[in-house]
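Here is the structure we will look at.
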Amino acid sequence: MTTVGLSGIRKTFGSTVALADFSLSISSGELVCLLGPSGCGKTTALRILAGLERADAGEVWVDGVDISVDPPERRGFGMVFQDYSLFPNMTARQNIEFGLKVKRKPANERTKIVDRMVEITALGEHAAKYPHQLSGGQKQRVALARAIATSPRVLLLDEPLSALDAKVRESLRDEIRRLQLEIGVTTVFVTHDQHEALAIADRVGVMSNGRLEQLAHPRELYESPANAFVAGFIGSANRLPASSEADDRWRVLGRSVAATGVVSAPSVLAVVRPEQVAVEEDGPSRVVSTSFLGPITRVTVQDPQAGTVVADIMSVDADWIRPGSSVRIRLRDDVERVLLIDGS
C-alpha cells in the first residue's frame with residue numbers, strides 16, 4: 001500500500017501559472033478525485049505526479065521518499081488516459097499482457113494475471129478482439145485492466161470516462177470504484193464531472209486557477225463548502241439576501257439560521273441549495289417554470305425580495321405547481337446553517 005504527496009508544487013507555461021503552491025496528501029489505498037473546470041491545473045498536477053511533467057518548484061513524495069527527479073518508468077505507476085492508448089495491432093488480451101512482458105514476468109505468471117484481469121473486468125468474450133472491434137466501454141476496460149495488471153504502486157486516471165456516453169460512463173464509473181476497492185491501490189482520478197467525483201471518491205479536491213480550494217469527503221464538500229467557488233461548482237446553489245440578527249444569527253428566506261463565512265462585508269449573500277427551499281401555496285412569489293427530473297421537479301420562482309430562486313421538490317409533492325402559480329418560498333425547517341459570501 002502506498003502513500004502519495006505533492007508539496008509546494010509550482011508550474012508555469014510561459015506567463016500562465018498552471019499550479020501555484022499546490023500541495024496534496026493521499027493516504028494508502030485512498031481514491032482522491034481532482035475536480036475542476038478546464039484549465040484549473042488538475043491534469044498538470046497528475047502529469048507531475050506521473051513524471052510526465054517536471055515542476056518548477058516543489059516535491060513529489062511516495063511512501064516518504066522524494067521521487068521528483070525520477071522518470072515515469074521508475075515510478076511504477078499505472079495510467080489510464082481518456083483516449084485509451086491501446087495498441088491497434090494487439091488483441092485485448094495482448095494489450096493487458098504488454099506491461100507484464102516489459103517487466104519480464106514468466107509466461108505462466110503472465111497468464112494467471114491476465115486471466116484474472118479479464119475476469120474482473122468482464123472481458124471474457126472480448127479478450128481475442130482487436131481495439132477496432134471493441135466498443136468504447138470495452139476499450140476503457142482493457143486500458144484499466146492493462147494499468148492494474150502490473151500491480152502499480154499508484155493508479156492515475158486522467159478523465160478516463162469523458163469520451164463515453166452517459167449510461168456506459170455511469171457503469172464504468174462504478175466498476176472502477178469496485179476494482180479500486182478490491183485491489184486496494186492508491187488512486188488519483190482527474191475529472192471535470194462533479195457527479196463522477198462525488199460518486200466514487202473517498203475525498204474530492206476542488207481546484208481553481210492552479211490552487212486547491214477545498215479537499216474533503218464528498219458529503220462535507222457538498223454540505224459545507226469552503227467558499228463561494230466550491231459551493232457554485234459542486235451542485236446547484238442560490239445566492240440569496242441575508243440580513244444580520246442578534247446572537248450571530250442571520251435571516252434568510254424568512255427564517256433565522258446560524259452561518260459560516262463572510263460576516264463583515266457591506267453586502268452579504270447566503271448560499272442556499274435548491275433542495276433547502278420549500279415551496280408553499282398562495283404567496284407573493286410567482287412560478288416561472290418547472291422541469292421534471294424524475295424523482296425531483298426543479299421549480300424556478302421569481303420572488304419580489306430574493307429575485308430568481310430555484311427549488312427542488314420531490315415530484316410526488318409537486319403536481320400542484322404550475323408556471324404562473326402564486327407561491328410562497330421559505331428556507332426549509334431542517335436547515336440549521338448557511339454559508340455567507342460577500343455580495344458586494
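Numbers here simply count residues along the sequence, with the first being 1.
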Donor-acceptor pair, side chain of Thr186 and main chain of Thr2, under 3.5 angstrom: yes
Min side-chain heavy-atom separation Leu52-Met79 under 4.5 Å: yes
Under 3.5 Å donor-acceptor, Gln133 side chain and Tyr130 backbone: yes
Minimum side-chain heavy-atom gap Met207-Phe22 below 4.5 Å: yes
Neighbour count >12 (heavy atoms, 6.0 Å) for atom NZ, Lys129: yes
pair Asn95-Pro131: side-chain heavy atoms closer than 4.5 Å: yes
4.5 Å side-chain heavy-atom contact, Val230 and Leu221: yes
Polar side-chain atom of Gln194 near backbone of Gly235 as donor-acceptor pair, under 3.5 Å: yes
Contact summary for Val335 and Arg255, nearest pair of heavy atoms: O-NH1, 2.9 Å
Residue pair Ser236 / Pro274: nearest heavy atoms and the distance that separates them: O-CD, 3.2 Å
Side-chain donor or acceptor of Lys42 paired with backbone N/O of Pro37 under 3.5 Å: yes
Single-linkage hydrophobic cluster, 4.5 Å side-chain cutoff, Ile183 and Leu181 together: no
Ser135 OG to His126 NE2 distance, which is reported to the nearest 0.5 Å: 7.0 Å
Shared hydrophobic cluster, Leu31 / Leu161 (ILVMFWY, side-chain heavy atoms < 4.5 Å): yes
Pairwise distance OG(Ser28) to CG(Asp63) - rounded to 0.5 angstrom: 7.5 Å
Worked check of side chain to side chain contact (heavy atoms under 4.5 Å, CB included) between Val206 and Leu212: CA-CA 6 Å; Val206 180; Leu212 193 60; over 6 Å; no
Any side-chain heavy-atom pair of Lys103 and Thr150 under 4.5 Å: yes
same_hphob_cluster(Leu179, Val32) at 4.5 Å side-chain heavy-atom cutoff: no
Pair Arg116 + Glu109: basic N to acidic O under 4.0 Å: no
Summary of salt bridge (Lys or Arg N to Asp or Glu O under 4.0 Å) pairs that have at least one residue in residues 304-320, sequence neighbours excluded: Arg298-Asp312
Audit row: Val327, Trp320, side chain to side chain contact (heavy atoms under 4.5 Å, CB included) steps and yes/no: CA-CA 11 Å; Val327 297; Trp320 63 273; 3.9 Å; yes
Val142-Leu172 co-clustered via ILVMFWY side chain contacts under 4.5 Å: yes
Over 12 non-hydrogen atoms of neighbours within 6.0 angstrom of CG in Asp248: no
Side chain proximity check, Met117 to Arg93, heavy atoms < 4.5 angstrom: no
Presence of salt bridge, Arg330 and Asp303, under 4.0 angstrom: no
Shared hydrophobic cluster, Ile321 / Leu253 (ILVMFWY, side-chain heavy atoms < 4.5 Å): yes
Derivation and outcome, salt bridge (Lys or Arg N to Asp or Glu O under 4.0 Å), residues Glu245 and Arg251: CA-CA 7 Å; Glu245 296 186 327; Arg251 182 155 294 273; 2.6 Å; yes
Spacing of Arg203 atom CZ and Ser25 atom OG [to the nearest 0.5 Å]: 6.5 Å
Atom CD of Glu73: over 12 foreign heavy atoms under 6.0 Å: yes
CG on Leu269 to CG on Leu339, rounded to 0.5 Å: 10.5 Å
Side chain Arg75, main chain Leu49, donor-acceptor under 3.5 Å: yes
Derivation of the side chain to side chain contact (heavy atoms under 4.5 Å, CB included) call for Ile9 and Glu59: CA-CA 6 Å; Ile9 298 293; Glu59 299 170 332; 5.7 Å; no
Heavy-atom donor-acceptor pair, Lys11 side chain to Val17 backbone, under 3.5 Å: no
Asp193 and Thr191: CA distance, side-chain angles, deciding distance, side-chain hydrogen bond (donor to acceptor under 3.5 Å, both in side chains) verdict: CA-CA 5 Å; Asp193 187 321; Thr191 182; 5.5 Å; no
Pairing of Arg332 and Asp334 as salt bridge, 4.0 angstrom limit: yes
Steps toward side chain to side chain contact (heavy atoms under 4.5 Å, CB included) verdict (Arg74, Ile67): CA-CA 9 Å; Arg74 288 187 56 190; Ile67 63 164; over 6 Å; no
Side chain to side chain donor-acceptor pair (under 3.5 Å) partner of Gln180, the single match among Arg177, Arg178, Glu182: Arg177
Ring pair (Phe, Tyr, Trp, His ring centres under 6.0 Å) partners for Tyr222, two or more places apart: none
Close side-chain approach of Val114 and Thr111, heavy atoms under 4.5 Å: no
Lys/Arg N to Asp/Glu carboxylate O, Glu280 vs Arg328, below 4.0 Å: no
Test item: Asp158 and Phe189 side chains (from C-beta on) under 4.5 Å apart, heavy atoms: no
Nearest-0.5 Å distance that lies between atom CD1 in Ile148 and atom CD1 in Ile120: 5.5 Å
Phe229 side, atom CZ; Ser208 side, atom OG - distance, nearest 0.5 Å: 4.0 Å
